[in-house]
Amino acid sequence: MPRRVRALLTPAPPRHRRTVRTLAALALAGCLAATAVTTAEAGHDLHRAVETAQGERPAQHR
């Protein structure tokens, strides 16, 4: 097998793998945080819409 091909087929060093895993974990945490914020905002908006539909004055909680 040629030297260049062998170099391309060797696994990445552990440090690189750890960095990729760390970046993936941070990206996942960011997505989860964004999901939590948007879910809370949607719940607030839904609550406000229900109060309006029932003829009540929506509370000012922000």
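As the structure is a prediction and not an experimental result, all values here were calculated from the model. One is the number of the first residue; the rest follow in order along the sequence.
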Which donor-acceptor pairs under 3.5 Å do the side chains of residues 3-14 make with protein atoms, sequence neighbours left out?
| from | atom 1 | to | atom 2 | distance (Å) |
| --- | --- | --- | --- | --- |
| Arg6 | NH2 | Met1 | O | 3.3 |
| Thr10 | OG1 | Ala7 | O | 2.9 |

Show the atom names and distances, to 0.1 Å, of all donor-acceptor pairs under 3.5 Å that link a side chain in residues 26-34 to residues at least two apart or in another chain.
none

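To the nearest 0.5 Å, the span separating NE2 on His44 from OG1 on Thr39 amounts to 14.5 Å. Annotation: the span from Leu46 atom CG to Glu41 atom CD amounts to 13.5 Å, rounded to 0.5 Å. To the nearest 0.5 angstrom, Arg15 atom CZ is 8.0 Å from Arg18 atom CZ.
In plain terms, the two heavy atoms of Arg57 and Glu51 that are nearest each other are O-OE1, 4.2 Å.
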